[in-house]
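Note sheet for the following structure.
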Amino acid sequence: MVTKTEETQLNQLENRVENGGGGVWEYLSLVRKLKVRRSEIVLKHGLSILNDSGKRSALGPDEWTLYEQVAIAAMDCQSLNVAQNCIKVLKKKFPDSKRVGKLEALLLEAKGMWEEAEKAYTSLLEDNPLDQVIHKRKVAMAKAQGKPSLAIEHLNKYLEVFMADHDAWRELAEIYVSLQMYKQAAFCYEELILTQPTLPLYHLAYADVLYTIGGLENLIAARKYYAATIDLTGGKSTRALLGICLCGSAIAQVSKGRNKEDKDMAAPELQSLAATALEREYKQKAPAKLNLLSSALRSLKIS
Amino acid sequence: MNLGFVVGVIGVLILSHAAYSTIQYRGLLKIMEEEFSRPPMNVLLELIVGLALCMWAALTFPGKFLSIHPDSDENRTVSLPDSSEFMIFNHRGRLFPPQIDMKF
């Protein structure tokens with residue numbers, strides 16, 4: 001997870017690098033550490049280092065990591081020749097390396113040659129049947145070919161073995177949401193919240209999915225998770241505040257014909273508190289849109 | 001940073017001087033065969049001054065304190081890392097090759 005300080009640092013370095021200042025190597029290392037996807041900039045400036053043999057030798061053993069990073073960025077920007085050349089250099093230096101083998105298979109994937117890539121991955125898996133990265137690449141290939149059900153099958157098999165992998169659970173949840181299988185997506189988010197309960201973004205995503213499924217119990221649970229997000233972020237999450245207002249009005253609508261005890265679940269104080277907090281935030285950050293917000297909130301309270 | 005360090009050293013020296021004075025005072029009392037109830041007033045004053053100096057130095061010397069709140073402005077999670085292991089290259093950016101012709 002990227003914190004605010006790291007993000008500001010990244011943006012600063014990016015500005016510096018783009019405007020011709022130095023600091024390219026720090027920027028590339030930070031991108032590698034935070035695992036963000038900035039392929040164009042990485043490609044442009046990584047190539048400028050690699051093409052200059054003086055700067056290249058100044059890097060020492062980190063030169064090969066840079067080759068790998070630039071190769072992947074090149075594949076993302078569809079400059080397949082650059083990627084091919086980088087991989088050729090790496091292969092000359094490390095002829096029997098599995099890491100280079102993975103890069104080659106990745107290049108086949110980027111070119112769109114799915115069967116060859118599949119064959120390459122299967123042969124790599126024979127040598128090393130418990131390699132996490134290769135299993136994930138098979139899932140990504142299924143996703144890229146437009147077969148989400150196959151991707152789900154592979155991912156489920158992977159998660160049976162490696163249950164602690166957060167990225168995989170997140171990926172599965174997103175695939176389920178894209179296929180509108182919301183109950184399964186809710187299950188995945190529950191797993192994520194269990195392993196990392198302090199990340200407010202998971203609570204927020206889970207509340208969104210619950211709100212989408214609908215029904216009284218789910219709406220009440222969704223409101224609880226929006227409240228948990230607000231608690232974890234210290235009241236700064238606009239999306240969670242809006243979520244509480246919407247949940248409140250949806251619960252009021254669903255429980256219109258019911259008896260008194262269900263009506264007590266409406267919790268009007270929570271909704272009005274959230275509305276006040278929202279108006280205050282809009283006044284600070286986007287005063288032009290305050291009228292829109294007030295009229296929207298009013299229509300919610302009425303219905 | 002330097003000033004904090006110097007002040008800290010002075011504080012420690014004052015405290016050790018107070019300790020030495022107390023030990024000497026106790027020795028004096030043993031000669032005069034009186035009871036040792038508490039150190040003399042000037043030693044107490046020295047102790048308070050040394051305490052104040054050491055505390056000030058301890059707070060200034062280490063530099064900026066980091067925030068521990070998870071929702072403070074520096075520590076809050078802005079975004080989760082893009083899952084680079086599930087990255088696919090089959091996206092719309094494929095149709096936009098980079099402007100500059102890259103050679104290697």
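A note on names: the letters A, B, ... follow the listed sequences, proteins ahead of strands, and every chain is numbered from 1.
Inspection of non-hydrogen atoms places Val139(A), Ala140(A), Lys143(A), Ala144(A) of residues 139-146 of chain A under 4.5 Å from chain B.
Counting non-hydrogen atoms of neighbouring residues, nucleotides and ligands closer than 6.0 angstrom, the CG atom of Leu59(B) exceeds 12 such neighbours. Within 6.0 Å of the CE atom in Met113(A), the count of heavy atoms belonging to other residues, nucleotides or ligands exceeds 12.
Applying the side-chain hydrogen bond (donor to acceptor under 3.5 Å, both in side chains) test to residues at least two apart or on different chains, the pairs with a partner in residues 7-21 of chain B are His17(B)-Glu46(B).
With a 4.5 Å cut-off on non-hydrogen atoms, Leu201(A) touches chain B through its side chain but not through its backbone. Residue His91(B) touches chain A through its side chain alone, counting heavy-atom pairs closer than 4.5 Å. Neither the backbone nor the side chain of Ile134(A) comes within less than 4.5 Å of any heavy atom in chain B. For Ala151(A), no part lies near chain B; criterion is any non-hydrogen pair under 4.5 Å. In this structure, chain B has a heavy atom under 4.5 Å from the side chain of Lys236(A), while its backbone stays farther away.
Nearest heavy atom pair, residue Phe86(B) against residue Arg137(A), reads C-NH1, 3.9 Å.
Here the straight-line distance linking atom CD of Glu171(A) with atom OG of Ser83(B) works out to 4.5 Å at 0.5 Å rounding. The CD atom of Glu109(A) sits 7.0 Å away from the CZ atom of Phe89(B) when rounded to the nearest 0.5 Å.
Top candidate by heavy-atom pairs under 4.5 Å with chain B, chosen from Val133(A), Thr8(A), Leu106(A), Leu34(A), is Leu106(A). No other option in Thr5(A), Val2(A), Val70(A) has as many heavy-atom pairs under 4.5 Å with chain B as Val2(A).
Using a distance-only test at 3.5 Å, with no hydrogens or angles considered, no donor-acceptor pair links the side chain of Arg94(B) to the main chain of Asp76(A). Within the 3.5 Å criterion, the main-chain N or O of Lys4(A) finds no donor-acceptor partner in the side chain of Arg76(B).
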- How far apart are the C-alpha atoms of Arg37(A) and Met87(B), what are their side-chain angles, what is the distance that settles it, and do they pass the side-chain contact (heavy atoms from CB on, under 4.5 Å) test? CA-CA 9 Å; Arg37(A) 193 170 176 169; Met87(B) 176 161 66; 3.2 Å; yes
- Test Leu199(A) against Thr77(B) for side-chain contact (heavy atoms from CB on, under 4.5 Å), laying out the working first. CA-CA 8 Å; Leu199(A) 270 184; Thr77(B) 331; 3.8 Å; yes
